[in-house]
Each structure stands twice: as C-alpha cells, then as structure tokens.
Amino acid sequence: MKLTYTDALFAVSEDTLRAHAQLAEAAFQETIQKSGRGNDFLGWVDLPAQVSENEIQAVEKCAAHLAQCSEVVVVIGIGGSYLGARAVIEALQHGFRAMMPGAAPTVLYAGNNMSEDYISDLLEVLNQKEYSLMVISKSGTTTEPALAFRILKQHCEQKYGVDEARKRIVAITDRARGALKTLATQEGYPTFVIPDDVGGRYSVLTPVGLLPIAAAGFSIRKLLDGAKSMRQQLLEAPNFEHNMAMQYALLRYILYNQDRQVELMTSFEPKFYFFIEWFKQLFGESEGKEHKGIFPAGAIFSTDLHSLGQYIQEGTRQLFETVLTVEHAHAHVSIPFDEQNTDGLNYLQHRSIDEICHIAQQGTCQAHVDGEVPNIKISIPEINEFYLGELIYFFELSCAISGYMLKVNPFDQPGVEAYKKNMFKLLGKPGF
Ligand code: PA5
C-alpha cells in the first residue's frame, strides 16, 4: 500500500506538515501506549499479531461446515457488526456474483435495515435455498439485527426442524453479556466471542469479519498477514516522516482546520463501494462528536463523475478527496478495432480498459486539483486479501490518531442512542 499526497501540497505544504508533525506523533503514542480516551477499546491495535492458530482453525472449520450445507449464508448485523465483512467480501468476489454461482455460498445480509419488503424478499429466496445464519451483535441487544434474527430463526426452525437449525445458526457476540449471548447459550448455538476491548467498527479482524469472509471462500490467513505486515510497518515507525498513518491523519487534520469539512473517498473500482461504506462508518462514528469532525462521504467513478462530479469541480469549496486506487486489474479486456469506426474510437484500439481507466484517473485528479480540491492518493498493487488487510489496519490506526488529534474519544458513539430512545418511546418499549 502506498500513500501519495503531492496533489494536496498546494493546500498543505511540507513545511506546515513538519511544523505540526509532533501533534500526530503524540496522538500515535497515545494510541499505541493505550493512554488516551477510550483506552479500554484499543484491543484492535495488537489484534493481527495476536489471533492464534487455534482461533483461525476454529473459524475455518465452522465456515467450512456452513459452506458445505448452504447455498446462502445470511449475515445478520449492523454497523461495525456488518460492514467490515461486506467490504472485504464485495471487494474480492466476482463482480456479478449473483449470476455466477461458485463453490462457496453466496453471502446475503439482514438486520441492517427495517424494510419489510427487503426481509420478505429475502424469505422468498430462503424458501428456495439451503441456507445458514450468522447473527452478529456485540451488545446482543441492537433492535434491527434482533428483529431480523427473530424472523429468520423461526424460518430456519420451520424449514429444517429445531435440531438441524441449531447446527445452521452461529452467534458472534460478547463473552458473557446481552440477550444474544443468553439465547445462544440456551439454544446451544456454536458461538464466537467478540473481545471486550474491540469495538464494533474496529472488529473486522475478529470472528465478526473473519467468519463471514471465510464462509465466502476467501483466505482469512492472507487478510491477517496483510494487517500484520501493516501493523509492523506502522508501529515500528514512531517518526512522522516514515509513518503513513500519521501522514494521512495529519493531512486530514490540517485540511479540516482550513475549513475542508468533507472528505470524499473516491475510487474508479466499483468493487470498493462497500469498502468506502466501511471507511465512512469507521471515521464518521469515531470522529463525529462534540460538534467536531470531518464528514466522510464516498463516490464511485466514473458513474459519480456524471453526477457529483459537477459539485466536486465547481461547488462549495469544502471538500478534499482521498482516492483509493488499484494499480493492476486481474483481467485484461482491450478495445477492439472496428472497420467502420463510426464511434471514432479506433484511436484507442488494442489499449486495455485498465490503461484507459488510469489515464482517466490522472485527468480527473488534474481537473479536481485545478478546481482546488486537494487530492490524497492511497494505492494498492491489486485487490486481494493481503492488501485489503493492509488497508484495514492502515485506516484503523489513522482513524485513532485522527480522533486523538481532534481531542475526541474515537471509540464511543454516544450520538447513536438519540434515535433509539425516540424509537423505543414511540414503540412503547417498557421502561421508555
Ligand atoms: O462501531 C460500533 O460500535 C457500532 O457501529 C456497532 O457495531 C453497531 O451499532 C452494532 O452494534 P452491536 O454489535 O452491539 O449490535
């Protein structure tokens, strides 16, 4: 993974970065020494190096069992209990997975919305498919996944019988607390634990992410290797000049202080749609508090160049852009020669789509820089488990450093309670 910020230097000079480097270095130390706010939720810092062979094998064994008996695995969860797994799976799987059934089961998702039509459509699919359920909730009490699970559990029991359903349902939750833990113990479901010191949005490298990713047929060992390698690279570099996470966090911090209040993460790779969703949740929930924080947004190009592109180029100057880019495509598709050349595209004959895409990226970056949008570039050589693992750890550490520079607790989410309280009161939940 590489970080390049030459196209942001017109807004934040190297001198300015150097002058503030100590801020980032102090926030980095707060994170790795676990001395800052919310420090009982810093278990993710060492996680990639601490996952044991036994844990990996247990996850792989359970995933293999579910895969063997299921055409579909439904992952029930919301926020940090859902987005990490989906980010990795959708980046790695075939772009048209639904049309291309493979050896591994298709992963579908529930519990992240309250659409009756969505759940009803899902039940229709599950009537026709062999399936299993992974229910994921750290608190074990979140309403959306709990509702979806109640419905899907009953469907599963009716379809397979209670005993067989118990072999097709896996719970990932707290070691001891919460309604889901109680239910899992009562029913005897296979259960994986979310460590106490890892919060939802930092939990993709625990069974929360690892089990769905393994069930989808991807290598959790390579994912963990990537995270481990990035951890080593970053933790062994306490100086700003050699630490990409500090550099990215400080760039964001200075841009924010120059009134760049929106970070738009963009990519020309549609497979990154859910990775960007994961990034939005990680940074949005970690930083957006005490009336502070950058608003994390996302866009997929080229499609959004023909919608948001106008705003990026000429709208209110409140944006900076973080471009997530992939150096090499896995496949090769080139532009064919056409005798008639009615579309005038013969000048591109034999060039690959990937080559044209990179040139489009260059052109887009130049245009946005001309439009005074600072561009930060984060690139990986190709999409695979290892580089996704690197990206995950890089963003997690950058987010913690960023939160500490902003002087907020990056590991709580008090604001999420407000809508819940109102909803419970309106629904007549006892005690509200
Ligand atoms: O990052 C977080 O902590 C949140 O997004 C949670 O993951 C989300 O609210 C779901 O919570 P739970 O896993 O307790 O159901």
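As the structure lists them, so they are numbered: ligands from 1, and atoms in each ligand from 1. Below, all heavy atoms of this structure are taken into account, side chains as well, without hydrogens, waters or symmetry copies.
Sequence neighbours left out, not one pair with a member in residues 375-399 passes salt bridge (charged side-chain N to carboxylate O under 4.0 Å, His left out). Sequence neighbours left out, the pairs with a member in residues 81-100 that pass salt bridge (charged side-chain N to carboxylate O under 4.0 Å, His left out) are R86-E90. Sorted by first and then second residue, the salt bridge (charged side-chain N to carboxylate O under 4.0 Å, His left out) pairs involving residues 237-254 (not counting sequence neighbours) are R252-E263, R252-E287.
Ring pair F283/Y248 is perpendicular by interplanar angle, where above 60° counts as perpendicular and below 30° as parallel.
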Pairs under 3.5 Å, N/O atoms on ligand 1 and on the protein: can you put them in a table with the distances?
residue	atom	partner	partner atom	Å
ligand 1	1 (O)	R201	N	2.9
ligand 1	1 (O)	R201	NH1	3.2
ligand 1	1 (O)	Q281	NE2	3.3
ligand 1	1 (O)	E285	OE1	3.0
ligand 1	5 (O)	G80	N	3.2
ligand 1	5 (O)	Q281	NE2	2.6
ligand 1	5 (O)	E285	OE1	2.9
ligand 1	5 (O)	E285	OE2	3.4
ligand 1	7 (O)	G80	N	3.0
ligand 1	13 (O)	S81	OG	2.6
ligand 1	13 (O)	K138	N	2.7
ligand 1	14 (O)	K138	N	3.4
ligand 1	14 (O)	S139	N	2.8
ligand 1	14 (O)	S139	OG	2.7
ligand 1	14 (O)	T142	OG1	3.4
ligand 1	15 (O)	S137	OG	2.6
ligand 1	15 (O)	T142	OG1	2.5

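The pair D46-K34 meets the salt-bridge criterion, since a charged nitrogen lies less than 4.0 angstrom from a carboxylate oxygen.
Stacking of R168 on the aromatic ring of Y160 is recorded, both the 6.0 Å distance cut-off and the 45° axial limit being met.
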